[in-house]
Trainee: 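Below are the structure tokens for one structure; questions will follow.
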Number of protein chains: 2
Amino acid sequence: MTSTDKPRATPQRQAILDTLNDVDDFRSAQEVHELLAAEGSGVGLATVYRTLALYADHGLVDVLRREDGEAIYRRCSDTHHHHLVCRSCGATVEVEGPAVERWTSAIAAEHGFSELSHTLEIVGTCADCRKG
Amino acid sequence: MTSTDKPRATPQRQAILDTLNDVDDFRSAQEVHELLAAEGSGVGLATVYRTLALYADHGLVDVLRREDGEAIYRRCSDTHHHHLVCRSCGATVEVEGPAVERWTSAIAAEHGFSELSHTLEIVGTCADCRKG
DNA sequence: GCCGTCTTGACAACGATTCTCATTCTCATT
DNA sequence: AATGAGAATGAGAATCGTTGTCAAGACGGC
């Protein structure tokens with residue numbers, strides 16, 4: 001699944017990574033494409049999809065799914081973390097959870113599972129939106 | 001989001017719930033539709049989608065997303081639980097995690113979030129598949 | 001500089017999901 | 001049991017995110 005050979009460097013790929021770096025937040029492929037177009041880059045939509053999939057495969061970006069199923073990407077830090085997402089405004093807070101890591105490992109071992117990966121998404125309404 | 005008025009009872013809705021009961025596993029709307037068609041029911045695809053969305057809204061069914069973004073549904077028990085899924089054979093084990101519940105509540109409160117819901121998926125390779 | 005290969009862009013194709021709308025069905029009320 | 005208002009249904013079109021196709025262009029080793 002996770003390939004190891006190095007992707008070729010191209011200006012388009014660089015632009016896509018730069019965009020993700022700049023926003024420092026989750027964005028869909030479509031949104032990345034719009035951002036690029038807004039700053040005059042003519043990177044094609046298909047290229048955005050291919051590049052994001054490529055980097056997700058290489059572990060350079062995190063992939064999540066919105067509630068409607070659309071894939072969203074974010075340049076990720078190295079440590080494993082989870083996300084607290086506001087269902088109303090989409091604000092995200094990155095949280096770490098050693099407790100969760102330990103618990104999942106224990107449960108999995110108990111059932112004979114190995115080579116674990118897990119996804120934890122916490123969705124709620126943030127303080128601002130509750131007031132609003 | 002979660003509405004409280006009672007949905008009207010119809011044979012189609014009953015058939016859809018029955019199907020989910022029978023398989024006791026996650027199925028996509030398309031798959032539910034196929035299963036119904038296979039046993040001679042002429043329930044329309046749109047109705048399957050509408051019904052699953054309706055019951056998901058009412059908390060009668062759990063919704064998850066496959067890796068490709070397709071939504072899958074399962075009739076859920078009343079207690080909140082999570083799933084341990086084998087990436088190879090698809091076997092699922094239902095697990096409860098009071099520790100996780102507590103942790104998510106604490107983290108969310110710390111960041112001012114309310115009206116929580118969360119999804120935790122643990123993916124791994126089960127003992128049988130490891131033996132191969 | 002040259003060549004084989006990887007990448008790109010434009011657009012078609014695809015598939016899951018939602019929408020539309022005329023018809024049918026539920027159900028509280030007679 | 002009949003009725004009527006509103007909800008639900010089915011068929012198919014429409015939407016939209018995503019992937020495939022393919023000719024043209026860029027990259028890097030030579």
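Bear in mind the structure is a predicted one, so any value in this text is a computation, not a measurement.
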Trainee: Under the side chain to side chain contact (heavy atoms under 4.5 Å, CB included) test, which residues partner A:Arg50, sequence neighbours left out?
Mentor: A:Ala46, A:Thr47

Trainee: Do A:Arg27 and A:Leu35 have side chains that approach each other closer than 4.5 Å (heavy atoms only, starting at C-beta)?
Mentor: yes

Trainee: In dot-bracket form, how is DNA chain C paired, counting a Watson-Crick or G-U wobble pair only if both its distances are under 3.5 Å and using | for bases paired to another strand?
Mentor: ||||||||||||||||||||||||||||||

Trainee: Residues in side-chain hydrogen bond (donor to acceptor under 3.5 Å, both in side chains) with A:Asp22, at least two apart?
Mentor: none

Trainee: Between A:Arg27 (CZ) and D:dG17 (P), how many Å, whole number?
Mentor: 15 Å

Trainee: A side-chain contact here means heavy atoms from C-beta on lying under 4.5 Å apart; do B:Asp62 and B:Phe26 qualify?
Mentor: yes

Trainee: What I'd like to find out is whether the side chain of A:Leu20 reaches to under 4.5 Å of the side chain of A:Leu52, using heavy atoms alone.
Mentor: yes

Trainee: May I have the distance from B:Glu70 (atom CD) to D:dG17 (atom C1'), rounded to whole angstrom?
Mentor: 14 Å

Trainee: Want to settle it: does B:Gln30 or A:Gly42 sit nearer the 5' end of DNA chain C, counting the closest nucleotide to each?
Mentor: A:Gly42

Trainee: In whole Å, I'd like the distance from the CG atom of B:Leu54 to the C1' atom of D:dA7.
Mentor: 11 Å

Trainee: From CD of A:Gln14 over to P of D:dA26, roughly how many Å is that when rounded to an integer?
Mentor: 18 Å

Trainee: B:Arg66 has an atom CZ; how far is it from atom C1' of D:dG17, in whole Å?
Mentor: 17 Å

Trainee: Show the nearest heavy-atom pair for residues A:Ile16 and A:Val48, with the distance to one decimal.
Mentor: CD1-CA, 3.7 Å

Trainee: What is the separation between atom CG on A:Leu52 and atom P on D:dG17, rounded to the nearest whole Å?
Mentor: 14 Å

Trainee: C:dA16 C1' sits how many Å from B:Glu67 CD, rounded?
Mentor: 17 Å

Trainee: With heavy-atom distances below 4.5 Å as the criterion, would you say the side chains of B:Thr51 and B:Tyr73 are in contact?
Mentor: no

Trainee: Expressed as a whole number of angstroms, how long is the span from B:Glu31:CD to C:dG15:P?
Mentor: 15 Å

Trainee: Could you list the residues that satisfy salt bridge (Lys or Arg N to Asp or Glu O under 4.0 Å) with B:Arg8, not counting sequence neighbours?
Mentor: none

Trainee: Who pairs with A:Arg65 by salt bridge (Lys or Arg N to Asp or Glu O under 4.0 Å), at least two apart in sequence or on another chain?
Mentor: none

Trainee: Could you run through nucleotides 18-30 of chain C and give me one letter per nucleotide, 5' to 3': B if any protein heavy atom sits under 4.0 Å from the base, S if only the sugar-phosphate is that close, - if neither?
Mentor: BBB-----BS---

